[in-house]
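Just so you know, ligand 1 is whichever comes first in the structure, and atom 1 is the first atom listed for that ligand. Nothing here was measured: the structure is a model prediction, and the numbers come from that model.
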Amino acid sequence: MKEYKRIAVLGATGSIGRQTLDIISEHPERYRATVLTAGSRVEDLITAAKKFRPSLVIIGKEELLGRLKEELDPLGIECAAGSKALEECVDHPEIDMVLTATVGYSGLAPTVRAIKNGKDIALANKETLVVAGNYINSLLSESKSRLYPVDSEHSAIAQCLAGEDINSVSRLLITASGGPFRTWTAEAMAVAEAKDALKHPKWNMGAKITIDSSTLLNKAFEIIEAHHLFGIKAEKIKAVVHPQSIVHSMVEFDDGAVKAQLGVPDMHLPIAYALGESSRLKGAERKLSLKDYSTLTFEEPDIQRFPCLGLAYRALHEGGTTACTINAANEVAVSAFLRGEIRFGRIYPLISETLERTSFISNPEYSDYVAINEEARKKAEEILRN
Ligand code: NDP
Ligand code: MG
């Protein structure tokens, strides 16, 4: 009988995907990578496939399929390409768990399909819960699949909640590094460019989440994500700026006790905790040395300079498709910002103008999220052009 768990790594060439493959490679007795996917970095995907020998490998860009097959056909590895293949790959019979580490809205469809197929999920792609958290929860309630958060804050909260009664939670305190603009003036932030925003002080991550961290929209997304994961009301979830990024989040209970999870800022731990279904792996390379952190500080976030943070509460109070629209507008804004077409100060106005102009559906079904995502993108593109 097989002893190891078979993992589909969606987004295998990215920051989370590569760190997941590190863990799989260090623990062959526990894990195998049976499906690998990527968007366009075909050479990195080929290198990973040669090392991990998965059953199936998929590249998003169809024109790169020939290159993939050239290298992997001789090894007997099945190859496919395109968005349909990226979604359908979760049907593969040799998968026990799907790790979702693609960026943005693209994470939703394969996650929905995996839950419908009863596969467990290690969720890095937070946008899935931001866009369609209620829908995902209703699917989970009818499925045998279980969902484990990879995001470090949510992993920290899950670790603090182990053995506790969720009804005795009074607040979730989600820590934020504050990003590269924590000490900048509003005037300087308004004209900041991508090169400034990409200098994250603590975490080395993909470009999109690094920009989201600089606007604090990433923290807004994490508040929404926490609401859907743990069933805690918006007003009981707070962001706390903690520049050292050692406390990964905290849970406050009714009796005043506060539990925190601490560790070095390194995603290997939360990824491993999710792959292990909330169990711990031995052999961490980096352990926390408290003498290196004689001072831990905590500040209120500045909502005036970081208005994106407030979008979490608007999204959770309005419900429906508001968060889906925010996510779509942000994806358009972040792409334009990374291409140098807009300055930092345009990101929030672009999202709020898109919200004003996009339809709202209060009780969305899956097809409504698809439609609103498209509508909001079109509106955001129009606003950008004018
Ligand atoms: P990266 O940009 O580093 O990697 C993204 C991966 O997804 C790459 O393999 C990329 O392929 C692939 N990809 C991107 N877009 C698509 C698409 N449309 N279809 C198919 N594949 C696609 O991102 P990160 O690893 O930083 O982030 C992944 C997710 O995890 C995000 O949702 C992020 O918010 C979340 N997350 C990340 C953290 C981190 O530390 N990085 C921490 C917490 C959450 P290719 O490059 O080959 O084109
Ligand atoms: Mg996080």
Flag side-chain contact, heavy atom, 4.5 Å: I16 against M267: yes
Protein heavy atom at shortest distance from atom 29 (C) of ligand 1: T102 O, 3.4 Å
Below 4.0 angstrom from a heavy atom of A101, which ligand 1 atoms are there? Numbered from 1 as shown, please. 5 (C), 6 (C), 7 (O), 28 (C)
Are any of the N/O atoms on G206, whether in the backbone or the side chain, positioned under 3.5 angstrom from an N/O atom of ligand 1? yes
Hey, does the side chain of K5 reach the backbone of L275 with a donor-acceptor pair shorter than 3.5 angstrom? yes
Measuring only between side-chain heavy atoms, which start at C-beta, is C160 closer than 4.5 Å to L172? no
Does ligand 1 have a heavy atom under 4.0 Å from the side chain of R41, from its backbone, from both, or from neither? both
With a 3.5 Å distance limit and no angle check, can you tell me whether H268 reaches the backbone of I23 through a side-chain donor-acceptor pair? no
Any idea which part of K208 is under 4.0 Å from ligand 1, heavy-atom wise: side chain, backbone, both or neither? neither
Give me the residue, atom name and distance of the protein heavy atom closest to atom 41 (N) of ligand 1. S15 OG, 3.2 Å
Transitively linked via ILVMFWY side-chain contacts under 4.5 Å: V241 with I211? no
I'd like to know if the side chain of N125 and the backbone of T102 have a donor-acceptor N/O pair within less than 3.5 Å. yes
Polar contacts were defined as any N/O atom of the residue lying under 3.5 Å from an N/O atom of the ligand; does this apply to I16 and ligand 1? yes
Out of G107, S40, A124, whose heavy atom is nearest to atom 48 (O) of ligand 1? S40
Out of curiosity, does I351 fall in the hydrophobic cluster containing V131 (side-chain heavy atoms, cut-off under 4.5 Å, transitive links)? yes
Closest to atom 16 (C) of ligand 1 (heavy atoms only, candidates S213, G82, A109, S106) is S106
So is S152 polar-close to ligand 1, meaning N/O to N/O under 3.5 Å? no
Should L311 and I209 be counted in the same cluster of Ile, Leu, Val, Met, Phe, Trp and Tyr side chains packed under 4.5 Å apart? no
closest protein heavy atom to atom 32 (O) of ligand 1 is E127 OE1, 2.7 Å
Check each heavy atom of I209 against ligand 1 and say whether those closer than 4.0 Å belong to the side chain, the backbone, both or neither. side chain
Provide the number and element of each atom of ligand 1 under 4.0 Å from a heavy atom of K126. 32 (O), 34 (O), 44 (C)
Please name the atom of D151, limited to N, O or S, that comes nearest to the Mg ion (ligand 2). OD1
Restricting to N, O or S, what is the name of the atom of E153 that lies nearest the Mg ion (ligand 2)? OE1
Contact (N/O only, under 3.5 Å) between T13 and ligand 1: yes
If you have a sec, work out which protein heavy atom is nearest atom 23 (O) of ligand 1 and how many Å separate them, to one decimal? V103 CG2, 3.6 Å
Measure from the side-chain N and O atoms of D196 to the backbone N and O of E193, and report whether any donor-acceptor pair falls under 3.5 Å. yes
Can you tell me which N/O/S atom of E222 has the shortest distance to the Mg ion (ligand 2)? OE2
Counting only nitrogen or oxygen atoms and a 3.5 angstrom limit, does G14 reach ligand 1? yes
If you measure from each heavy atom of A12 to ligand 1, is any distance below 4.0 Å? yes
Co-membership, hydrophobic cluster, residues F360 and L316, 4.5 Å side-chain: no
Give the contacting part of L86 toward ligand 1: side chain, backbone, both or neither, where contact means a heavy-atom distance below 4.0 Å. side chain
Only heavy atoms of D151, strictly under 4.0 Å: list the atoms of ligand 1 that pass. 43 (C), 44 (C)
State whether the side chain of E331 and the backbone N or O of Y105 hold a donor-acceptor pair below 3.5 Å, judged by distance alone. yes
So, are K238 and E252 salt-bridged, with charged N and O less than 4.0 Å apart? no
Of the protein's non-hydrogen atoms, which lies at the shortest distance from atom 11 (O) of ligand 1, and what is that distance? G39 N, 2.8 Å
Are F337 and I383 connected, step by step, through hydrophobic side chains (Ile, Leu, Val, Met, Phe, Trp, Tyr) whose heavy atoms are closer than 4.5 Å? yes
For R32, is there an ion pair with E94 - N to carboxylate O distance below 4.0 angstrom? no
